[in-house]
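Beneath this line is the structure, given in structure tokens, with notes to follow.
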Amino acid sequence: MNDYDVIVIGGGQAGLALGYALKCKNRRFVILEQNKRIGDSWRQRYDSLVLFTPRKHNQLPGLAFPGEPNTLPNKDEAADYLELYAKHFELPVMLGTTVMELSKVGFSFQIRTQDSLLYAKQVVIATGAFHTPFIPAIANSLDTVNQLHTSQYKNESQLIDGTVLVVGSGNSGAQIAVELAAHRPVIFSQGESRSYLPIFIFGKPIFDYMKILGLLDAPHSTWLGKKMRSSPDPIFGYKKQVRELSRTGALRLVPRAVQVNGNTTTFADGTQATVNNILWATGFRPNYDWLHVPNVLDSHGRPIHHRGITNVPGLSFLGLPWQHTRGSALMGGVGNDALYLAEHL
């Protein structure tokens, strides 16, 4: 049977949450996942990755995240939870299935995978926001420096001896910079100023307070939502470590890297540094090259939608940053968007 009511592209947290909602409605659907095991998108990240959201703020609809609710899970525990979730609700997931092309054929959608054609009245693209690793153009000038994007980085064994430049001011960049500074000189280049927030306040997760204050659930169209979107996301944790390591000289904080010549990097304030390794913690860019449905993406290749619903009848997105609220891109927040979408399919 290759004809469904709904086909969900992506078997990560967004796709599985939607699968739960669709199963509750007895819809005939299938979830397509390119990895051979559910949760592999988490397992493939760097070894020491720890989520900044506690377990109780990571659960998908209908199933609690195992373990002590106020502790932080690592990336393998997050992966195992997704696998447990799919098994617990017996969700129909086709593993090892890569979508080569999505197109509109008459009143249906046609999905071409590596070995079959599938059809559905409705399609939800739940591939998240982490598609193509972004590396700045200045990296092309590097010839004698060992460089990796964080999507390739696993652990310190991939680095050569000497100084490491970590470029990127997000949570991953901060975590890796702090860890490496315990063993070698590290330069942390932050392209934009970010605030540091503690993960716990008075013994309680900061996300408890954010939930109470409505910071996670404020729609992007509200005054509060617009204000939060206008500022860079904060870094959760690591303020104390960054301050102490900076004081001892193990970690050097510098502004944006603007030029590279050989193994010498120049920063926005005119200072320079000679480095042996560069870790690009510079995030990802969307990539929908396989999406052959017109009037769905803007000029920057980003989905045009309202709460995930596009202007093309039957085609929706799920798991996008700020799809509706700040929590939309978090494991514990995507469930609300999934339940909403299931009601409107």
Side-chain angles (χ1 to χ4, degrees), residues 12-14 41-42 45-46 48-54 57-58 72-73 75 78 127-136 149-151 153 166-179 188-201 205-243 253-257 268 279-286 300 302-303 308 317-337:
Q13 59 203 42
S41 58
W42 282 101
R45 302 292 300 279
Y46 59 93
S48 60
L49 174 62
V50 174
L51 281 67
F52 55 76
T53 45
H57 290 288
N58 290 327
L72 305 178
K75 51 110 177 180
T127 53
F130 303 120
H131 298 159
T132 302
F134 172 72
I135 298 178
H149 188 270
T150 50
S151 61
Y153 178 70
V166 179
V167 180
S169 54
N171 277 273
S172 293
Q175 181 181 347
I176 294 173
V178 166
E179 290 176 354
F188 188 19
S189 171
Q190 298 179 292
E192 52 188 356
S193 178
R194 299 213 185 196
S195 58
Y196 284 76
L197 298 178
I199 295 179
F200 296 95
I201 300 177
I206 191 174
F207 283 87
D208 286 7
Y209 301 99
M210 294 175 71
K211 187 76 173 178
I212 293 172
L213 295 173
L215 298 179
L216 295 179
D217 301 321
H220 63 79
S221 57
T222 64
W223 174 85
L224 181 57
K226 290 177 180 178
K227 183 173 179 61
M228 287 192 292
R229 289 193 73 180
S230 65
S231 303
D233 286 341
I235 295 174
F236 291 95
Y238 306 109
K239 182 177 182 179
K240 181 179 179 180
Q241 296 98 313
V242 168
R243 184 173 60 237
L253 298 178
V254 296
R256 183 186 304 275
L279 278 177
W280 299 104
T282 42
F284 298 79
R285 294 293 184 268
H300 299 287
R302 295 173 299 207
F317 288 84
L318 183 61
L320 300 175
W322 280 100
Q323 178 157 321
H324 182 51
T325 68
R326 172 65 180 85
S328 289
L330 301 176
M331 188 180 293
V334 71
N336 292 331
D337 291 333

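A quick note: this is a predicted structure, and the numbers were derived from the prediction, not measured. We're numbering straight along the sequence, starting at 1.
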query = In terms of the angle between their ring planes, are F236 and F207 parallel, tilted or perpendicular, with boundaries placed at 30° and 60°?
reply = tilted

inquiry  = Any heavy-atom pair between the side chains of N336 and H324 that's under 4.5 Å?
reply    = no

key: Which residues share a ring-ring contact (aromatic ring centres under 6.0 Å, His included) with F188, sequence neighbours left out   = none

query = Around atom CZ of R256, are there more than 12 heavy atoms of other residues, nucleotides or ligands at under 6.0 Å?
reply = no

inquiry  = I'd like to know if the side chain of S195 and the backbone of P234 have a donor-acceptor N/O pair within less than 3.5 Å.
reply    = no

ask   = Does some side-chain heavy atom of W42 sit less than 4.5 Å from a side-chain heavy atom of M331?
value = yes

query = Which of parallel (below 30°), tilted (30 to 60°) and perpendicular (above 60°) describes Y46 and Y153?
reply = tilted

task = Would you indicate whether the side-chain heavy atoms of K239 and P198 approach each other to under 4.5 Å?
result = no

request  = Flag the pair D217 and R326 as a salt bridge only when some basic side-chain nitrogen lies within less than 4.0 angstrom of an acidic carboxylate oxygen.
outcome  = no

ask   = Can the ring centres of F130 and F284 be said to be less than 6.0 Å apart?
value = yes

request  = Check whether any side-chain heavy atom of Q190 sits under 4.5 Å from a side-chain heavy atom of P255, and report yes or no.
outcome  = no

Pairwise side-chain contact, I201 with I206, heavy-atom cut-off 4.5 Å (strictly under) = yes

